[in-house]
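Worksheet for the structure shown next.
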Amino acid sequence: MRAAIRLTGRLAVASIVFAVAALIPLGANAETGPTKVTLTAQQLGAPLSVAVLTCEPSGGTHPRAEDACAAMSATGGLIEEMPAQNPHALCPLIWRPVGVTATGLWNGKPIDYAKTFANDCVMRSQLGVVFDF
(Lines give C-alpha, C1' and ligand atoms only; values in the text may rest on other atoms or scores of the structure.)
Protein backbone atom coordinates (compact mmCIF):
# COMPACT_ATOMS: atom_id res chain seq x y z
CA MET A 1 0.00 0.00 0.00
CA ARG A 2 2.79 2.44 0.95
CA ALA A 3 4.66 1.57 -2.24
CA ALA A 4 1.57 2.40 -4.30
CA ILE A 5 1.19 5.76 -2.54
CA ARG A 6 4.89 6.59 -3.11
CA LEU A 7 4.62 5.60 -6.76
CA THR A 8 1.51 7.75 -7.21
CA GLY A 9 3.28 10.71 -5.55
CA ARG A 10 6.32 10.30 -7.78
CA LEU A 11 4.12 10.11 -10.87
CA ALA A 12 2.31 13.28 -9.80
CA VAL A 13 5.62 15.15 -9.32
CA ALA A 14 6.94 13.90 -12.66
CA SER A 15 3.73 15.01 -14.38
CA ILE A 16 4.09 18.52 -12.94
CA VAL A 17 7.75 18.74 -14.00
CA PHE A 18 6.92 17.66 -17.56
CA ALA A 19 3.98 20.06 -17.74
CA VAL A 20 6.13 23.01 -16.66
CA ALA A 21 8.93 21.99 -19.06
CA ALA A 22 6.45 21.93 -21.94
CA LEU A 23 5.64 25.60 -21.28
CA ILE A 24 9.26 26.73 -21.67
CA PRO A 25 10.19 27.50 -25.31
CA LEU A 26 12.99 25.46 -26.83
CA GLY A 27 16.35 27.20 -26.57
CA ALA A 28 15.31 29.44 -23.66
CA ASN A 29 16.88 29.29 -20.25
CA ALA A 30 16.63 31.29 -17.05
CA GLU A 31 19.72 33.41 -17.80
CA THR A 32 18.94 34.54 -21.32
CA GLY A 33 16.17 35.91 -23.40
CA PRO A 34 15.76 37.10 -26.96
CA THR A 35 18.45 39.13 -28.68
CA LYS A 36 17.33 41.44 -31.45
CA VAL A 37 19.12 44.73 -31.95
CA THR A 38 18.41 47.35 -34.61
CA LEU A 39 21.62 49.12 -35.64
CA THR A 40 21.72 52.37 -37.59
CA ALA A 41 24.58 54.42 -38.98
CA GLN A 42 24.40 57.68 -40.86
CA GLN A 43 27.21 59.82 -42.15
CA LEU A 44 26.47 63.51 -42.62
CA GLY A 45 24.68 63.94 -45.94
CA ALA A 46 24.36 60.20 -46.66
CA PRO A 47 21.34 57.90 -46.46
CA LEU A 48 20.62 56.05 -43.23
CA SER A 49 22.02 52.51 -43.09
CA VAL A 50 20.05 49.98 -41.03
CA ALA A 51 20.76 46.39 -40.00
CA VAL A 52 18.94 44.04 -37.66
CA LEU A 53 21.13 41.73 -35.60
CA THR A 54 19.84 38.60 -33.91
CA CYS A 55 22.03 36.25 -31.91
CA GLU A 56 21.78 32.63 -30.76
CA PRO A 57 21.40 31.80 -33.57
CA SER A 58 23.21 34.59 -35.41
CA GLY A 59 21.16 36.20 -38.12
CA GLY A 60 19.01 39.12 -39.11
CA THR A 61 19.98 41.47 -41.92
CA HIS A 62 23.50 42.14 -40.62
CA PRO A 63 25.98 40.79 -43.24
CA ARG A 64 28.48 39.66 -40.57
CA ALA A 65 26.02 38.65 -37.86
CA GLU A 66 28.14 35.89 -36.32
CA ASP A 67 31.16 38.18 -35.87
CA ALA A 68 29.01 41.06 -34.60
CA CYS A 69 27.32 38.78 -32.05
CA ALA A 70 30.72 37.57 -30.83
CA ALA A 71 32.00 41.14 -30.43
CA MET A 72 28.92 42.22 -28.51
CA SER A 73 28.89 39.06 -26.38
CA ALA A 74 32.30 39.98 -24.99
CA THR A 75 30.67 42.89 -23.10
CA GLY A 76 27.22 41.43 -22.53
CA GLY A 77 25.75 43.60 -25.27
CA LEU A 78 27.08 46.85 -23.79
CA ILE A 79 28.51 48.60 -26.83
CA GLU A 80 29.84 51.49 -24.75
CA GLU A 81 32.11 49.02 -22.90
CA MET A 82 33.58 47.41 -26.03
CA PRO A 83 37.32 47.97 -26.29
CA ALA A 84 38.51 49.70 -29.45
CA GLN A 85 38.42 47.10 -32.22
CA ASN A 86 41.38 48.64 -34.08
CA PRO A 87 43.07 51.05 -31.64
CA HIS A 88 46.06 51.66 -33.93
CA ALA A 89 44.05 52.77 -36.96
CA LEU A 90 45.43 55.86 -38.68
CA CYS A 91 42.31 57.91 -39.28
CA PRO A 92 42.30 61.25 -41.09
CA LEU A 93 41.53 64.37 -39.12
CA ILE A 94 38.48 65.14 -41.24
CA TRP A 95 35.17 66.15 -39.70
CA ARG A 96 32.51 64.04 -41.45
CA PRO A 97 30.38 62.99 -38.49
CA VAL A 98 28.79 59.55 -38.32
CA GLY A 99 25.95 58.96 -35.90
CA VAL A 100 25.20 55.40 -34.77
CA THR A 101 22.43 53.88 -32.67
CA ALA A 102 21.67 50.45 -31.26
CA THR A 103 18.26 49.74 -29.77
CA GLY A 104 16.49 46.54 -28.84
CA LEU A 105 17.07 43.57 -26.58
CA TRP A 106 20.26 41.77 -25.63
CA ASN A 107 19.46 38.50 -23.85
CA GLY A 108 16.08 39.94 -22.99
CA LYS A 109 17.48 43.16 -21.50
CA PRO A 110 16.84 46.49 -23.22
CA ILE A 111 19.79 48.30 -24.76
CA ASP A 112 19.84 51.86 -26.06
CA TYR A 113 23.11 53.23 -27.42
CA ALA A 114 23.79 56.38 -29.43
CA LYS A 115 27.06 58.10 -30.28
CA THR A 116 28.49 60.43 -32.90
CA PHE A 117 32.02 59.84 -34.20
CA ALA A 118 34.25 62.33 -36.05
CA ASN A 119 34.23 60.21 -39.22
CA ASP A 120 33.67 56.70 -40.56
CA CYS A 121 37.25 55.61 -39.90
CA VAL A 122 37.07 56.57 -36.22
CA MET A 123 33.72 54.82 -35.84
CA ARG A 124 35.01 51.58 -37.43
CA SER A 125 38.23 51.65 -35.39
CA GLN A 126 36.14 51.82 -32.23
CA LEU A 127 33.18 49.56 -33.03
CA GLY A 128 34.58 47.30 -35.75
CA VAL A 129 32.29 44.64 -37.17
CA VAL A 130 29.22 45.63 -35.14
CA PHE A 131 28.56 48.61 -37.44
CA ASP A 132 30.12 47.07 -40.55
CA PHE A 133 27.03 46.97 -42.78
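Every heavy atom of this structure was used, including side-chain atoms; hydrogens, water molecules and symmetry mates were not. Please read all numbers here as calculations on a predicted model, not as lab measurements.
- Residue Met82 holds its CE atom at 5.5 Å from CG of Leu127, rounded to the nearest 0.5 Å.
- The minimum heavy-atom distance linking Thr116 with Pro97 is given by the pair CG2-CB, 3.9 Å.
- A donor-acceptor contact shorter than 3.5 Å is absent between the side chain of Glu66 and the backbone of Ala70.
- Put simply, NZ on Lys115 and OG1 on Thr101 are 14.0 Å apart, with the number rounded to the nearest 0.5 Å.
- Atom CD of Glu56 sits about 6.0 Å away from atom CG of Asn107, to the nearest 0.5 Å.
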- Query: Does the pair Cys55 and Leu53 meet the rule for a side chain to side chain contact (heavy atoms under 4.5 Å, CB included), with working shown?
  - Reply: CA-CA 7 Å; Cys55 300; Leu53 177 66; 4.0 Å; yes
- Verdict with reasoning, Thr40 to Val100, per side chain to side chain contact (heavy atoms under 4.5 Å, CB included): CA-CA 5 Å; Thr40 68; Val100 299; 5.8 Å; no
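- Relative orientation of the Tyr113 and Phe131 rings is tilted, given thresholds of 30° and 60° on the angle between their planes.
- Listed for the Asn119 side chain is a donor-acceptor partner under 3.5 Å among the backbone atoms of Ile94.
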- Going through the checks in order, is the side chain to side chain contact (heavy atoms under 4.5 Å, CB included) test met by Ile111 and Glu80? CA-CA 11 Å; Ile111 64 168; Glu80 61 274 10; over 6 Å; no
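- Expressed to the nearest 0.5 Å, how far CD1 of Ile79 lies from CD of Glu81 amounts to 11.0 Å.
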- Message: side chain to side chain contact (heavy atoms under 4.5 Å, CB included) for Leu48 and Val50? Distances and angles first, verdict last.
- Response: CA-CA 6 Å; Leu48 181 69; Val50 179; 3.8 Å; yes
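- Judged by distance alone, the side chain of His62 and the main-chain N or O of Val129 form a donor-acceptor pair under 3.5 Å.
- Atoms OG1 and CG, on Thr61 and Leu39 in that order, are 8.0 Å from each other to the nearest 0.5 Å.
- As a member of the Ile/Leu/Val/Met/Phe/Trp/Tyr network built from side-chain separations under 4.5 Å, Leu44 groups with nothing else and remains a singleton.
- Pairing each heavy atom of Trp106 with each of Ser73, the nearest pair is CZ2-OG, 3.5 Å.
- In this structure a side-chain-to-backbone donor-acceptor pair under 3.5 Å is present from Ser125 to Val122.
- Ionic pairing of Asp120 and Arg96 is not present here: no N-O contact between side-chain nitrogen and carboxylate oxygen is shorter than 4.0 angstrom.
- Taking CZ from Arg64 and OG from Ser58, the interatomic distance works out to 12.5 Å, rounded to the nearest 0.5 Å.
- Distance alone, capped at 3.5 Å, is enough to place a donor-acceptor pair between the Gln85 side chain and the Pro83 backbone.
- In plain terms, the two heavy atoms of Leu105 and Pro34 that are nearest each other are CB-O, 3.7 Å.
- Within the 4.5 Å cutoff, the side chain of Met72 has heavy atoms near those of the Val130 side chain.
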